[in-house]
Amino acid sequence: MGELLRVTAAIARKDLKVEWRTKTAFVSSLVFAVLVLAVLYFARDKTSVGDYDLAPGALWVTFTFAGMLGLNRAFLLERENRALDGLRLTPTTPTALFLGKVVGNLVFLGVVELVSLPLFILFYDVPIWRQLPVLLGVVALATVGYVAVGTLLSAMVVRTRFSEVMLPVLLLPFLVPPIVSAVQLTWRILALRPLSEMTGWLSLLAAFDLIFFTLSLLLFEAILVE
Amino acid sequence: MAAEGPAVQVDNVSRRFGHRWVVRGVSMDVVPGEALMLVGGNGAGKTTLLRLMAGLLKPNRGTIRYSGAVGMVAHHTMMYDALTARENLTFFGRLHGLPQDGRVDRLIDLLGLTRARDQRIATYSRGMLQRLAIARALLHEPDVLLLDEPLTGLDDAASHTVLDVIDELKHRGAALVIASHQLVELIGAVARVGYMVAGRLAALEPIAGLDAGGVVSRYRELVAGDG
């Protein structure tokens, strides 16, 4: 277990160090997030679409697509100089590699989300400070499932010629349940609805995380070998 | 390191990509302390055979057995451009579970990269990358080392360093399989030559006093015999 954690941490740290040096995915994700939030804000008719109606969808569209840029980068990095072969020549288990990638992606997406959230509050004028811990909990829950499936599919498409295009095509259908749940939950949080109205969506989100995290972990080895 | 028996045993291994068989029924053993060279034209199956031996590809038929750890130097560095030489080696050392006992710096010094060790490897020349790739492959002191064109991009001094490393590894009891076109430089370092023709190991013979020209003649003979 200690070995697994040590290798997982080494892989995540390496991914984040490379990203810190290049800032390729982070800058693209952040620019994309600002752009989407601004475009959706200015594109609507304020007299017919209120802030609270638009805000949850805008937030999750932003997170979903901004995160995609980071997920794409996660395994493209391993394609560079065939670094993945270098990893496979070490005693690193597929489980440790998957977990390392997931942790790296979670930190990456977490930072993008934390930077985007104040912009969201600024644009949509939603007073969420008191509900912030609950909203952050929902964001965390949705992000875990998203990143688990995204990491698996990113590894799957990286050997294809158009991996940047293939990832969204394959990933988006899987994201319908968590993103719909997250949008519904965000709307209820912003509208100060009671917790009892949220338990169904929360359960769906938690079940998605559990099932897809486990499946992704189990399938990763098969994808890794050729 | 196993005291007896081959360090690596390849038994009737075949591999295809799509419908094309790239390696066909190859069998060979390499014993500890022995260096074997694979020669053959482009597309003869040398790189694929090395990748099979490294476990990076699965054979469609046959088996490969090792005793001990395997290291490989390939056409690519298998490292990250955004990291420095030291960071790359430290990272791979961690994955191998190695102690941080100064071996990274020792290897960097051995391969003549001391002054550039804290530079990102994106700034390295082809020869420097090749030396770093060799350092990565030696990090965990493998019992079987697979080298695909190890002297590519190296100047005379660096080539001599690599040849010294090969000698040192043989003395230590490692088994080496080297695929290369640079026969003149490597011929003195190997005991046997495997001639790859169209995916088959057409012959595996002791070097027996042959020089590079003799190896080329023998190869041509085997290619002609293959039809």
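This is a predicted model, so every value here is computed, not measured. Just so it is clear: chains get the letters A, B, ... in the order the sequence lines come, proteins before strands, and each one is counted from 1.
- A donor-acceptor contact under 3.5 angstrom links the side chains of D109(B) and T114(B), judged on distance only.
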Please tabulate, for the side chains in residues 214-225 of chain A, all donor-acceptor contacts under 3.5 angstrom to protein atoms that are two or more places apart in sequence or on a different chain.
residue	atom	partner	partner atom	Å
T214(A)	OG1	L210(A)	O	2.6
S216(A)	OG	F212(A)	O	2.6

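- Ranked by heavy-atom pairs under 4.5 Å with chain A, the list H75(B), E87(B), M72(B) is led by E87(B).
- Checking T95(A) against T93(A) by side-chain atom types alone, no donor-acceptor pair falls below 3.5 Å.
- T160(A) pairs by the side-chain hydrogen bond (donor to acceptor under 3.5 Å, both in side chains) definition with nothing, not counting sequence neighbours.
- A donor and an acceptor atom, one from each side chain of N12(B) and S27(B), are nowhere located under 3.5 Å apart.
- Using a 4.5 Å heavy-atom cut-off against chain A, no residue of residues 151-160 of chain B qualifies as contacting.
- The line from OG1 of T62(A) to CG of L119(A) is 9.5 Å long, rounded to the nearest 0.5 Å.
- Only the side chain of F91(B) comes within contact range of chain A, judged by heavy atoms closer than 4.5 Å.
- Your options are V7(A), L89(A), T92(A), and the one with the most heavy-atom pairs under 4.5 Å with chain B is L89(A).
- Between F65(A) and F32(A), the ring planes lie tilted relative to each other; the angle falls in the 30° to 60° range.
- Ranked by non-hydrogen atom pairs under 4.5 Å with chain A, the options T77(B), N88(B), D81(B), V70(B) are led by D81(B).
- When heavy atoms are compared at a cutoff of 4.5 Å, L87(A) approaches chain B by way of both its backbone and its side chain.
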Atom pairs and distances, side-chain donor-acceptor, residues 118-127 of chain B, under 3.5 Å, sequence neighbours left out:
residue	atom	partner	partner atom	Å
Q119(B)	OE1	T123(B)	OG1	3.2
T123(B)	OG1	R120(B)	O	2.7
Y124(B)	OH	A116(B)	O	2.6
S125(B)	OG	M128(B)	N	3.3
R126(B)	NH1	Q130(B)	OE1	3.3

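- With chain B as partner, the option from E3(A), R13(A), E19(A) having the largest number of non-hydrogen pairs under 4.5 angstrom is R13(A).
- A donor-acceptor contact closer than 3.5 angstrom is absent between the side chains of W21(B) and S14(B).
- Of the residues considered (E78(A), R6(A), E80(A), R21(A)), R21(A) shows the highest number of contacts with chain B, using heavy-atom pairs under 4.5 Å.
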